[in-house]
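What follows is a set of notes on a single structure, which appears directly below.
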Amino acid sequence: MKKTLLAVALAPVCLSSFSVAAQDEDVMVVTANRFEQSVKNVIAPVSVITKEDIDAIQAKSLAEVLRRLPGVSIAANGGYGQLTTVFVRGSQNVLIMMNGVRLGSATAGGVNLSQLPLTGIESIEYIRGTRAAVYGADATAGVINIITTAQPDDVQGQVAAGMGSDGYYQTKGSVAGRLTEQTWAKVAGNFEQADGFNVADYSSGAWLEDQKDNDGFKSKDILGEFGIILNDEWRAVVNAFYHDGQTEYDYTGSPGNNEADYVFYNVSGQVSYAADRLTSSLLLGVNRDEGENKGNQPGSTIVTDRTQVNWTNSYQLAEHYYAGFGVDLVNEKVSDSELWNNFAGQFESYDQESRRNDAGYITFWRDADDVQLEASVRYDDNEHYGSYTSWQLGAGWRFVEQMRVTANAGTGFKAPTFNDLYWPSYGNPGLEAEESENYELALEGTHPLLDWRVAVYDNTVSNQIRNQGKGKQLENQDVRVQGIELAASFATGSIHHDVSLDLMDHENESDKKRLKRVPDEALKWNASYLADSYQLEMSYLYQGDSRDTYFNPVTFTNSEVELKNYHLLDLAASYFVTEALTLQGRVANVLDEEYATAYGYNTAERSYYATVSYRF
């Protein structure tokens, strides 16, 4: 293999499972505290995934990348293209951003991971634990920041085509480079589709054999970036992303021939200033999340328009000591939505169609190799539920060169969505905002042959919004999640391993039941082997039992069901024909496991994929 190709493959060839894993490379991250700092001094646990990691494991979806990481579990209503959500440490309150811009629907309350392609991604930064005192609502369990920004010194790009089981087909490409000494640009595109398989599996008998059909999808995505260096201190960049997708789906009460059309776009512009002691940036972001449901009965068109302004600043007070402050302004509208009320047999609209959230925060931190400190406080004023103040404290002490103890504590909140509050015959305008308290204590070590981290955490949520089922209003409840998280990164000869174990004890305080779709334990083992002309990847996941609810369309009630534990094994191989040309093959679900991450929905059987890619 050519030296340049070897360098690409080695940097870093595996997922950095926790903060100490990347110390030798001195990786810089921006997501933890909204300023750039070395990952080895971030107090909260952080993972960094690069585009080389994604290419090596040959992931076809963002969910396949995230599920390899500590603390993450995935729930999907079927295969590729279907509704997919992410849980971190038992909670869906995860803030997902693209280049620092908040994504997601104010109606559904989260991000459908299937709408976010991997094409054009340079890296993903994943923070576990509350960041609400820095980012506000939804960041109580963690933050996932998808970074597409690139500033290459010369023109570089990649084109690829692939195919696989269930009629899967994909073509994608990207190119980035300098236009002049002061400007750069990037363009990436992706098209993929699949015939799919029948995603519905309602064992209650509500599903009829003659109504089974394959549920496929189509997706078109384009991403662009333009940047300019104004002088040594000022620069500006514009990012844009557009997704157009169609997904065939099934759900209880409406079997067969259902389709959802999605349009999602995000445009942002950022101006930044950096001097010796002061850094400052002003960001304006606009995005739309639109979904239209079509099927055997009238469907809703749900649209969220969001405008956000972020002004962030940091100032170096002295060596290792910094202070920062910021302002976040967010305005959300759902005025273009049409909601089908099945009880009334007519289309309706939300009782309230807009809301605004204004927030400001201040933060202080010590960023040194021996002792790290951070303290943040944030004030949010929301047009619907009023004001909320959140705080966050963290400390790290490297008591010997190779070992560190850390502690994190903080509060957070999540605002009820428009669906929670105002959906016809279902929402509850009296819902309160969720409030949480989060605590973590960890010990970690970095050694020549082994990096490791052990953490215990205790998260409580007051007023969590509970899904009661159609025809019944939502209500609040209290929940608690306690857990132990173990992670290790090590090598055996030429094979690199990342291993993690998550153990959780979780329940609703009111009825003492386990949380919905949250496993009690999860074991993950990722291994990578790099030779002169090829690379091998192995990913193993064991997920323990969990519970779910089944909605009965006749009685309009939910019943308790169990999701059985399962084992997943994926294998991937890459052959470097030349420095530019690579042939790849992947077998997913090698064990042909029958499993479900959401009750009533099938998952893919053993599947095969092949890809050819060319770099230039």
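Everything numeric here is computed off the predicted structure, so don't read it as measured data. Position 1 is the first residue of the sequence; numbering continues from there.
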Sub-3.5 Å donor-acceptor pair from the side chain of R398 to the main-chain atoms of M403, do we have one?
no

Rounded to the nearest 0.5 Å, what's the gap from CG on D215 to OG1 on T247? Could you check?
9.5 Å

Is the side chain of Y609 donor-acceptor paired with the backbone N or O of A59 at a distance under 3.5 Å, no angle test?
no

Do the charged groups of R514 and E560 touch, with an N to O distance under 4.0 Å?
no

Decide yes or no for N408 and N438: does some side-chain heavy atom of the first lie under 4.5 Å from some side-chain heavy atom of the second?
no

Just so I know, are the side chains of K51 and I121 near enough to count as touching, which here means a heavy-atom distance under 4.5 Å?
no

Testing the 3.5 Å rule here: is there a donor-acceptor pair between the side chains of Q392 and S376?
no

Side-chain H-bond candidate by donor/acceptor type, N526 with S539, under 3.5 Å:
yes

Scanning both residues in full, the closest heavy-atom pair of V42 with A32 reads CG1-CB, 3.6 Å

Does the side chain of N419 pick up a donor-acceptor pair with the side chain of T417 at under 3.5 Å?
no

State whether the side chain of N589 and the backbone N or O of E593 hold a donor-acceptor pair below 3.5 Å, judged by distance alone.
yes

Apply salt bridge (charged side-chain N to carboxylate O under 4.0 Å, His left out) to residues R131 and E374 and explain how you reach the verdict.
CA-CA 12 Å; R131 295 279 108 184; E374 68 175 52; 3.0 Å; yes

Assess whether side chain to side chain contact (heavy atoms under 4.5 Å, CB included) is satisfied between M97 and L103, documenting all intermediate values.
CA-CA 5 Å; M97 303 186 295; L103 302 181; 5.5 Å; no

Would a 4.5 Å heavy-atom cut-off, applied to side chains only, mark T492 and H497 as touching?
yes

Looking at E440 and R453, does any basic side-chain N land under 4.0 Å from a carboxylate oxygen?
yes

Is E437 reaching over with its side chain to a backbone N or O of T460, donor-acceptor style, under 3.5 angstrom?
no

Using atom types as modelled and distance alone, determine if a side-chain donor or acceptor of D502 lies under 3.5 Å from a backbone N or O of G71.
yes

Determine the sole option in R586, K60, R68 for which the salt bridge (charged side-chain N to carboxylate O under 4.0 Å, His left out) test with D570 is passed.
R586

Would you tell me whether Q477 and E509 have side-chain atoms, one donor and one acceptor, within less than 3.5 Å of each other?
no

Walk me through whether I49 and I54 qualify under side chain to side chain contact (heavy atoms under 4.5 Å, CB included).
CA-CA 7 Å; I49 304 99; I54 297 171; 4.0 Å; yes

Decide side chain to side chain contact (heavy atoms under 4.5 Å, CB included) for Y262 and H243; before the verdict, give the C-alpha distance in whole Å, the side-chain angles of both, and the deciding distance to 0.1 Å.
CA-CA 8 Å; Y262 297 107; H243 166 84; 4.3 Å; yes

Taking every heavy atom of T411 against every heavy atom of A132, the minimum-distance pair comes out as O-CB, 3.6 Å

Side chain of D548, backbone of K516: donor and acceptor closer than 3.5 Å?
no

Under the side chain to side chain contact (heavy atoms under 4.5 Å, CB included) rule, what do Y457 and L441 come out as? Steps first, then yes or no, please.
CA-CA 6 Å; Y457 57 87; L441 181 65; over 6 Å; no

When every non-hydrogen atom of Q37 is compared with those of N41, the smallest separation belongs to NE2-O, 4.1 Å

Ignoring hydrogens and angles, state whether a donor on the side chain of E537 or Q535 is under 3.5 Å from an acceptor on the partner side chain.
yes

Applied to residues 37-80, the ring pair (Phe, Tyr, Trp, His ring centres under 6.0 Å) test, sequence neighbours excluded, yields Y80-Y168

Test: E485 and R89 ion pair at under 4.0 Å:
yes

With the threshold set at 4.0 Å, does a side-chain nitrogen-carboxylate oxygen contact exist between D420 and K414?
no

Output yes when D505 and R480 qualify as a salt bridge under the 4.0 Å nitrogen-oxygen rule, no when they do not.
no

Kindly say whether E434 contributes a backbone atom to a donor-acceptor pair with the side chain of Q464 at under 3.5 angstrom?
no

Tell me whether the rings of Y540 and H567 are parallel (<30°), tilted (30 to 60°) or perpendicular (>60°).
tilted

Is any side-chain heavy atom of N459 less than 4.5 Å from a side-chain heavy atom of T140?
no

Does the side chain to side chain donor-acceptor pair (under 3.5 Å) test come out yes or no for D498 and S489, once each step is laid out?
CA-CA 5 Å; D498 283 319; S489 179; 3.0 Å; yes

Any donor-acceptor pair under 3.5 Å from K524 side chain to V72 backbone:
yes

Heavy-atom closest pair, residues A407 and I43:
O-CG2, 4.0 Å

Would a 4.5 Å heavy-atom cut-off, applied to side chains only, mark Y388 and E435 as touching?
yes

Would you tell me whether N357 and D380 have side-chain atoms, one donor and one acceptor, within less than 3.5 Å of each other?
yes

Kindly indicate whether the side chain of Y249, heavy atoms from C-beta on, has any atom under 4.5 Å from the side chain of Q82.
yes

Residue that, paired with D520, satisfies side-chain hydrogen bond (donor to acceptor under 3.5 Å, both in side chains) out of Q543, H506, R547
H506

Which heavy-atom pair separates A573 from Q58 by the least distance, and what is that distance?
O-NE2, 3.0 Å

Basic-acidic side-chain contact under 4.0 Å: D545, K564:
no

My understanding is that only residues two or more places apart in sequence, or in another chain, count here; which of them pass ring-ring contact (aromatic ring centres under 6.0 Å, His included) with F264?
F241

Which residue, N145, V111, L62, forms the side-chain contact (heavy atoms from CB on, under 4.5 Å) with I96?
V111

How long is the gap from CD1 on I127 to OH on Y135, to the nearest 0.5 Å?
7.5 Å

With the side chain counted from C-beta on, respond yes when W391 and R378 share a heavy-atom pair under 4.5 Å apart, and no when they do not.
no

Kindly say whether V479 contributes a backbone atom to a donor-acceptor pair with the side chain of N508 at under 3.5 angstrom?
no

How about D289 and Q115: do any of their side-chain heavy atoms sit closer than 4.5 Å?
yes

Main chain of K513, side chain of E507: is a donor-acceptor contact present, judged purely on distance under 3.5 Å?
no

Is there a donor-acceptor contact under 3.5 Å linking the side chains of S574 and Q584?
yes

Looking at every heavy atom in both A598 and A76, which two are closest together, and how far apart are they?
CB-O, 3.7 Å

What's the spacing between F413 CZ and T130 OG1 if we round to 0.5 Å?
10.0 Å

